[in-house]
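Please read the structure below before turning to the comments.
Quick note: residue numbers are just sequence positions, from 1. Note that ligands are numbered from 1 as they come in the structure, with each ligand's atoms numbered from 1 the same way.
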Amino acid sequence: MPVKKRDFISISDFSVEEIQGVFAKTEELKKNKFQDAFKNKAVGLIFQKPSLRTRVSFQVGVWQLGGQCMSLSPAEVNIGVRESIKDAAKTLSRYLDLIVARVFKHREVEELGQHALVPVINGLSDLFHPCQALADIFTVKEKRGNVRGLTLSYLGDGNNVCNSLLQITAMLGMNMKVACPKGYTPNKDILGFAQAQGKKSGASIVVTPDPREAAHDADVLYTDVWASMGQEREAARRAKIFKKYQINKEILGFAKKNVLVMHCLPAHRGMEITDDVMDSPNSVVFDEAENRLHVQKAIMLKLVEK
Ligand code: CP
Ligand code: NVA
């Protein structure tokens, strides 16, 4: 029986043991950057939205593994518009060994995964950003040695990044407190998943409208933009609604002294995070960004190497 191909569309596609395996491989790859595991392999990045970190880190990562990578924007491919996702998936599978897709609707990346004969990695959808969350928690592990029992406090929009963080923290036994305004809470099904995982791992999940309550005693303070890609027209309205969820010096005062300040980037300085906090010694935002490269190499190797 041929081995069924695996996708990485959501954190829950990996078991706890597999996540730990990816972290171990990441540590190894960080020390030994250049490999030839992707010699004679081609990777395609199919992006419907802009990207700096995801695009560059995948492209450099494939190159460091000895493979070829190409990046296709909507102007070139326009997946789901110029032709169906199903036909594009089947065609791309004849050329590529791995697909990384950044889409608007989560079901589009799921559909790609269903029809592609090669592994598909979610490079961000409206529901999840799993590569980001893996890199983030790897960064916490790197800084603190272990993540179990630590508390990550997320302030802002209950969005794709928040959903993926809820999944991974709960699976790994890390507590998560989410502070967001009414109407901007994380996806209910994801919260249900996190609560169920938390019962197994010992993690607690709290959602509150109070940013100070969430920040209290935090080991990690995390935020993301208030208006995600595709929500630009709501930006001014959201800026008012989210104002009190800004990570600033006052909020930092509620957290542990050695709190790690995290942001997936791009950041809107002066909005969800102030300059002084973003540039403070507590901030590890560029370590997170760097770890995208190392973690994604480990994910690609896991999916492609048999
Ligand atoms: N954090 C992140 O995914 O950044 P990009 O949108 O620049 O890829
Ligand atoms: N929530 C943001 C993350 C960007 C990396 C967005 O979807 O635009």
Side-chain angles (χ1 to χ4, degrees), residues 8-11 43-62 69 71-74 99-109 121-140 152 154-168 178-181 183-187 190 220 222-239 241-242 245-247 261-269 271-273 278 283-297 299-300:
F8 182 58
I9 297 206
S10 154
I11 289 288
V43 175
L45 311 182
I46 318 290
F47 279 25
Q48 289 180 344
K49 299 176 183 176
S51 169
L52 185 150
R53 280 143 290 269
T54 311
R55 182 179 154 148
V56 177
S57 57
F58 267 109
Q59 203 139 359
V60 171
V62 172
C69 187
S71 181
L72 300 164
S73 71
I99 298 169
V100 182
R102 170 167 285 198
V103 299
F104 281 99
K105 297 189 187 91
H106 186 67
R107 65 163 174 73
E108 294 171 331
V109 68
I121 295 178
N122 180 1
L124 181 145
S125 65
D126 57 353
L127 190 63
F128 290 128
H129 198 0
C131 298
Q132 182 69 52
L134 266 186
D136 293 337
I137 304 307
F138 175 81
T139 308
V140 176
L152 184 150
Y154 178 101
L155 272 58
D157 189 17
N159 62 14
N160 44 8
V161 170
C162 181
N163 288 335
S164 287
L165 285 170
L166 274 166
Q167 290 193 317
I168 194 167
V178 181
C180 44
Y184 297 88
T185 50
N187 178 289
I190 311 302
V220 179
Y222 199 115
T223 192
D224 183 14
V225 291
W226 293 334
S228 284
M229 288 179 275
Q231 298 173 332
E232 289 78 6
R233 275 194 291 180
E234 296 174 37
R237 190 167 56 86
R238 282 172 171 260
I241 296 170
F242 283 99
Y245 297 89
Q246 181 186 63
I247 296 194
V261 173
M262 303 184 89
H263 191 309
C264 58
L265 306 178
H268 294 151
R269 288 169 176 257
M271 302 277 277
E272 73 273 4
I273 189 163
M278 178 118 163
S283 169
V284 294
V285 299
F286 300 109
D287 295 326
E288 278 178 90
E290 179 189 331
N291 283 333
R292 293 289 304 278
L293 168 69
H294 309 299
V295 164
Q296 287 161 191
K297 283 166 72 181
I299 299 168
M300 290 192 285

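Closer than 4.0 angstrom to ligand 1 by heavy atom are Ser51, Leu52, Arg53, Thr54, Arg102, His129, Gln132, Cys264, Leu265, Arg292, sorted by chain and number.
Side-chain contact annotation: Ser10 with Gln167, donor-acceptor N/O pair under 3.5 Å present.
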Present, as a list of atom pairs with distances to 0.1 Å, all nitrogen or oxygen contacts under 3.5 Å between ligand 2 and the protein.
from: ligand 2; atom 1: 1 (N); to: Asn159; atom 2: ND2; distance (Å): 3.3
from: ligand 2; atom 1: 1 (N); to: Asn160; atom 2: OD1; distance (Å): 2.9
from: ligand 2; atom 1: 1 (N); to: Asp224; atom 2: OD2; distance (Å): 2.6
from: ligand 2; atom 1: 1 (N); to: Ser228; atom 2: OG; distance (Å): 2.7
from: ligand 2; atom 1: 7 (O); to: Asn160; atom 2: ND2; distance (Å): 2.8
from: ligand 2; atom 1: 7 (O); to: Ser228; atom 2: OG; distance (Å): 3.4
from: ligand 2; atom 1: 8 (O); to: Met229; atom 2: N; distance (Å): 2.8

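In terms of heavy-atom proximity, Ile273 sits nearest to Gln246 at N-CG, 4.2 Å. Across all non-hydrogen atoms, the minimal contact from Asn187 to Asn163 is N-OD1, 3.4 Å. Across Met229 and Phe104, no two heavy atoms sit closer than the pair O-CE2, 4.4 Å. Nearest heavy-atom pair, Leu265 versus Phe286, reported as atom, atom and distance to 0.1 Å: CD1-CE2, 3.9 Å. Across all their heavy atoms, Pro50 and Arg102 have their closest contact at O-NH1, 2.8 Å.
From Arg238, atom CZ reaches atom OG of Ser228 across 7.0 Å, with rounding to the nearest 0.5 Å.
By the side chain to side chain contact (heavy atoms under 4.5 Å, CB included) test, Ser57 pairs with Arg292, Leu293, Gln296, sequence neighbours left out. Under the ring-ring contact (aromatic ring centres under 6.0 Å, His included) criterion, Tyr184 pairs with Phe242, sequence neighbours left out.
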